[in-house]
Structure formats: C-alpha cells, structure tokens
Amino acid sequence: MPRSKTLPAELDPSARQLVARLRRLKDHSELTMRQLAAKTGYSAKSWERYLGGVSLPPREAVEALARITGTDPVPLLALHEIAADSRDGRRARPAVQQQDEQHERDQGQPAGPTAPHSGPTAAHSKPTSAHSGPTAVPTPPRAAEPTPGRFPHIALTAGIAALAVALSAVLLLMLRLDDDAGQAAVTTSPRTTAASSPPSYTCRIARADGRWSAGINQGRDTEIVYGATGADVAEAQCLLRRAGISPGGIDGMFGPLTLRAVKTFQDRAGLTVDGMLGPRSWKALRG
C-alpha cells in the first residue's frame, strides 16, 4: 500500500484530524482511489485532494465514505462542521483588514489644495502699526476627530477572534470525548442509527437437511459479485466465517475483504477462483 503524503503544515487542526480519520477508513477498507470513486460518486482526483489535505471534502463525501466502510458518520460530520467554520473564519479576516486599510487611506487624503501663504502667516504680509489695534490671536488647530466607522470594524474583528477561540474549545472537548470512547463499533438500532448507516446482521448458524445456513436470506443461492449489498452478501459472510475465513465485518457489503475471503475459500474447495459466488460456491459453503 503506498505511503500517504504528509499533510500541509498550515492545515487547520480540525481539518487535519478529519483527513487523518478518512485516511484510516480508506486504508482499513483496502479500497483503491478508483474503487472509492465508483462507490461514492466523487472522482479519484477529488479524493486525492480530500485525502491530501488540499481541499475540504463535501459533507456528502464524508457520509458516503462512512457508509461504505460501516462507520458511524456522526463524529466525522462534527469534525467536518468545525473545520468548515474555521475555514470560513480565516477567509473573513483578510476582508476586514482590507476594509480597515481602505478606510485609513480615505481618511488620510487632504480635503483640497492649500494656498501657499494661507492661514496665520498671512498676518505678517502687511506691516502693522503700533497703534492699529490689538493683534489678532491665531485660532488654535482643532483636535483630530475620531475616525468614523473604525469601531465597528474593531468589534467585528474581536467577534471573529472570540468565535475562533470558542470553536477551538469545542474541538478540544470533542477530541477528548472521542479518545475516551475509542474505536468501538456502534450497534445499529432503528431508533438511534442515522439513516445513512448500513444495517446490521446477526449470524445464526444452523444445519438443516444437510445444509448450513446463517438464517439471513432464507437459504437462497443467488449469484452475487463484487460490489453487491444486502442479505445474500451477509449470509455468505457468515458462512465464510463458519469455514474459518474472515470476510471482515458482517455488514452485507461485498467489498475487498469479502472478495479476498471468497477467493481463499474457492481455492481451498478446488473451485474456479473468480471471486463470484455462484451455485457451486454456495453449495460448497452450505455443504
């Protein structure tokens, strides 16, 4: 398996955590980029950018990868939401800085051309008689007025900084809770499982009339191939496990691990090693 590229140093911590988890799911499932593209609907080039930390994957892509690997998508989607908020916050800061600089340039421009001898110095252009009257006192310059519009920009910048601090605190709390929970599998339930999670199957191995059965697909011997899903695949996974060959999880998905287990069983049984479960392979599994 090729070694994963190092993630960019400037990558946000939440985005780095999300990409690291997606990489582990992809490596554990042994899916190639082309297989990942075929199962999720996103191109192999897109997945290279997502898993390389170049761009943040869409929410739907994260859900699709969780679904095909049998993983609870809720922690992944929470990380995705934090990473997206952090990215939007970083994009907002340069815009605020540009507005501040433009405003300062506008305030620094002079109101108009200044006469070369206007102001208090004009009083000395004429000789003044000693008895011509009291000398005019030059008017002191006005104090600089506060720049209008400056304080809303400062308040906006402070608000963005406070939001970034709050998001960082939430991220740290979620990471700590997730570390405590570990990588334990989540048991699917009609009440608590998200709609995108795959169904769960239970192997009930029994032998009746000289045939083994897992009690999932009512004894059908339907031909199934790589990429298939459903009860027939789960039945085959249970029977492969009974034969001492691990197909991965009992998730009803004919993925790379199940394909490898089928080929191993066919080789042991002296059958054609084509990775397809047809009548002869079913007969050998149930025999």
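Every heavy atom of this structure was used, including side-chain atoms; hydrogens, water molecules and symmetry mates were not.
Residues F254 and I224 are in side-chain contact: their nearest non-hydrogen atoms beyond the backbone lie under 4.5 Å apart. Residues L76 and L25 are in side-chain contact: their nearest non-hydrogen atoms beyond the backbone lie under 4.5 Å apart. Residues E223 and L277 are not in side-chain contact: their nearest non-hydrogen atoms beyond the backbone lie 4.5 Å or more apart. Side-chain contact check for V62 versus P73: every heavy-atom pair is 4.5 Å or farther apart. Residues S55 and Y50 have side chains in contact (heavy-atom distance under 4.5 Å, counting atoms from C-beta outward). For the pair I250 and C203, the minimum side-chain heavy-atom distance is below 4.5 Å. Proximity of T264 to L240: side-chain heavy atoms (C-beta onward) are nowhere separated by under 4.5 Å. Counting heavy atoms from C-beta outward, R241 and I205 have side chains that stay 4.5 Å or more apart.
Residues V262 and M276 fall into different hydrophobic clusters, defined by Ile, Leu, Val, Met, Phe, Trp and Tyr side chains chained together at heavy-atom separations under 4.5 Å. Both I245 and V233 are members of a single hydrophobic cluster when ILVMFWY side chains are connected at heavy-atom separations under 4.5 Å. In this structure, M33 is a member of the same hydrophobic cluster as I68, with clusters built from ILVMFWY side-chain heavy atoms closer than 4.5 Å. Hydrophobic clustering, with ILVMFWY side chains joined whenever heavy atoms are under 4.5 angstrom apart, keeps V225 apart from L259.
For the atom pair R260 CZ and S246 OG, the distance stands at 8.5 Å (nearest 0.5 Å). Of the inter-residue distances, the one linking Q17 atom CD with I82 atom CD1 reads 10.0 Å to the nearest 0.5 angstrom. With rounding to the nearest 0.5 angstrom, the CG atom of D72 is 14.0 Å from the CZ atom of R67. For the atom pair CG (L239) and CD (Q237), the distance works out to 10.5 Å, reported to the nearest 0.5 Å. Rounding to the nearest 0.5 Å places SG of C238 at 10.0 Å from OH of Y201. Taking CZ of R24 as the start and CG of L51 as the end, the distance is 12.5 Å to the nearest 0.5 Å.
In this structure, E30 contributes its side chain and L257 its backbone to no donor-acceptor pair below 3.5 Å. No side-chain donor-acceptor contact under 3.5 Å links H80 to the backbone of E63. When atom types are taken as modelled, the side chain of S213 and the backbone of G215 share a donor-acceptor pair closer than 3.5 angstrom. Judged by distance alone, the side chain of R211 and the main-chain N or O of G287 form no donor-acceptor pair under 3.5 Å. In terms of modelled atom types and a separation under 3.5 Å, the side chain of E235 and the main chain of A214 share a donor-acceptor contact.
Across all non-hydrogen atoms, the minimal contact from W282 to D232 is CH2-O, 3.5 Å. Of all the heavy atoms in Y42 and P58, the pair that sits closest is CE2-CG, 3.9 Å. L7 approaches R23 most closely through the heavy-atom pair CD2-NH2, 3.2 Å. Residue S29 comes nearest to P256 through the heavy atom pair O-CG, 3.2 Å, listed as atom of the first residue, atom of the second, then distance. Shown here for A284 and L271, the closest heavy-atom pair between the two residues is CB-CD1, 4.1 Å. Taking each heavy atom of P247 and T258 in turn, the nearest pair found is O-OG1, 3.3 Å.
Under a cutoff of 6.0 Å and an axis angle of 45°, K263 and Y226 do not form a cation-pi pair.
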Exercise for the section: Report the C-alpha distance between K283 and D221 in whole Å, list the side-chain angles of each, state the deciding distance to 0.1 Å, and finish with yes or no for side chain to side chain contact (heavy atoms under 4.5 Å, CB included). Expected result: CA-CA 8 Å; K283 182 177 180 181; D221 293 342; over 6 Å; no
Problem - Verdict with supporting geometry, W47 and T40, side chain to side chain donor-acceptor pair (under 3.5 Å) - result: CA-CA 10 Å; W47 277 112; T40 62; 2.9 Å; yes
Handout entry: Pair T272-Q266, side chain to side chain donor-acceptor pair (under 3.5 Å): steps then yes or no
Key = CA-CA 6 Å; T272 301; Q266 289 174 333; over 6 Å; no
Practice task
Take D12 and S14, measure what side chain to side chain donor-acceptor pair (under 3.5 Å) needs, and give me the verdict at the end.
Solution key: CA-CA 6 Å; D12 183 77; S14 55; 2.2 Å; yes
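Other residues, nucleotides and ligands contribute at most 12 non-hydrogen atoms within 6.0 Å of the CZ atom of R34. Residue-environment remark: CD (E81) stays at or below the threshold of 12 foreign heavy atoms within 6.0 Å. Within a 6.0 Å sphere centred on CZ of R204, other residues, nucleotides and ligands contribute 12 heavy atoms or fewer.
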